[in-house]
Protein chains: 2
Amino acid sequence: MQIIIMSRRERAPKQRVVLEAIQGHTDHPTAEELYRELNKQGHAISLATVYRNLRALAQEGKVRELHGAGPDRFDPNTHPHYHLLCLACGRVYDVETPYQNALDHLPLPPGFHVHRHELTFMGLCPKCEETASL
Amino acid sequence: MQIIIMSRRERAPKQRVVLEAIQGHTDHPTAEELYRELNKQGHAISLATVYRNLRALAQEGKVRELHGAGPDRFDPNTHPHYHLLCLACGRVYDVETPYQNALDHLPLPPGFHVHRHELTFMGLCPKCEETASL
DNA sequence: CTATTTGCAAACACTTTGCACAGCA
DNA sequence: TGCTGTGCAAAGTGTTTGCAAATAG
């Protein structure tokens, strides 16, 4: 059990708000998307603060940054896991497949050391598979 | 010795120059790096043209675009293969490991279709493994 | 002559930063 | 008081684009 005593207000309220917002997502939102969502919900917060807190949370290991074409996306799921990028719409989905530890122990040229790997499947999502011309 | 006969001039000379330049690399250069290299070698070419031709070559499948933190990188090796990103210096290396076809046939929720996958190992390169504080 | 390619500079998309102020200890 | 967090606008980085000039067919 944990007892939390706050002397009244908290230290970095916007960071908590950003973290809670992204934790409500499985769809890997961009900073801009979170910013718009928060303001729509009545939280007065600037885009710069959303960026600052997302990057800070990433440093602390509480969210993960995803790079690709277009703006960076953020993932509240920090467990090792994989993604599927829809080649038609650009959305990023989580993939349940267990982390393939073996891949981190493949033989490599001397001097190289693998900490972990990232695996992204490229394909089509249900929403796009019919429409797809690609 | 090489004898070159051209019917006079060619269609998109700068594109050929860009392609040849990147084909001389295994280190996944950025557009800026290629631009500087070419001009150093005496080819008058603009950065915009380097970008335009790299993107065009990518569409034609003659080079591959790599996204990550910082500027996009370009890879003349279009065969399916993997990369190692050095977490210390940011350089990207090719990894010889054979393409794991099995990964493209893992069970997924209905409606998802995998075309291929991209796998990036994160770790340290020989140049950084000693220096590494990370 | 018409279509394509290029350079240049401007525009653009995304992200970070300087600074002044507000909030908390 | 002094340190941290925030907003705002400006600056920064990486990339694309409009347009006119050059070049190819």
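Chain letters run A, B, ... following the sequence lines, proteins first, then strands; residues in each count from 1.
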With sequence neighbours excluded, what pairs up with [X] under the side chain to side chain contact (heavy atoms under 4.5 Å, CB included) test?
X	value
B:Val92	B:His28, B:Leu66, B:Arg73, B:His83, B:Leu85
A:Gln23	A:Leu19, A:Pro76
A:Ser46	A:Ala48, A:Thr49

Legend entry - Residues A:Gln15 and A:Glu20: side-chain donor-acceptor under 3.5 angstrom: no
Legend entry - Donor + acceptor pair across side chains of B:Asp75, B:His81 (<3.5 Å): yes
Rounding to an integer number of Å, can you tell me how far [X] [atom1] sits from [N] [atom2]?
X	N	atom1	atom2	result
A:His67	D:dT15	NE2	P	13 Å
B:Arg16	C:dT5	CZ	P	14 Å
A:Arg55	C:dT17	CZ	P	10 Å
A:Leu66	C:dC14	CG	P	16 Å
A:Arg73	C:dT15	CZ	C1'	16 Å
B:Leu57	C:dT5	CG	C1'	14 Å
B:Asp72	C:dT15	CG	P	12 Å

Inset, instruction - Determine, for nucleotides 6-13 of chain C in 5'-to-3' order, which nucleotides have protein heavy atoms under 4.0 Å from the base (write B), from only the sugar-phosphate (write S), or from neither (write -). - result: SBB-----
Legend entry - is_close_aromatic(B:His79, B:Tyr99), centroid dist under 6.0 Å: no
Inset, instruction - Would you please name every residue forming a side chain to side chain donor-acceptor pair (under 3.5 Å) with A:Tyr35, sequence neighbours left out? - result: none
Inset, instruction - Would you please confirm or rule out a distance under 4.0 Å between OP1 or OP2 of D:dT16 and any side-chain N or O of B:Tyr51? - result: no
Inset, instruction - Without swapping roles, check the side chain of A:Glu33 against the backbone of A:Thr30 for a donor-acceptor pair under 3.5 Å. - result: yes
Inset, instruction - With a 4.0 Å heavy-atom cut-off, tell me which residues in residues 31-40 of chain A come close to DNA chain D, sorted by residue number. - result: none
Inset, instruction - To the nearest 0.5 Å, tell me how far A:Leu103 CG sits from A:His105 NE2. - result: 10.5 Å
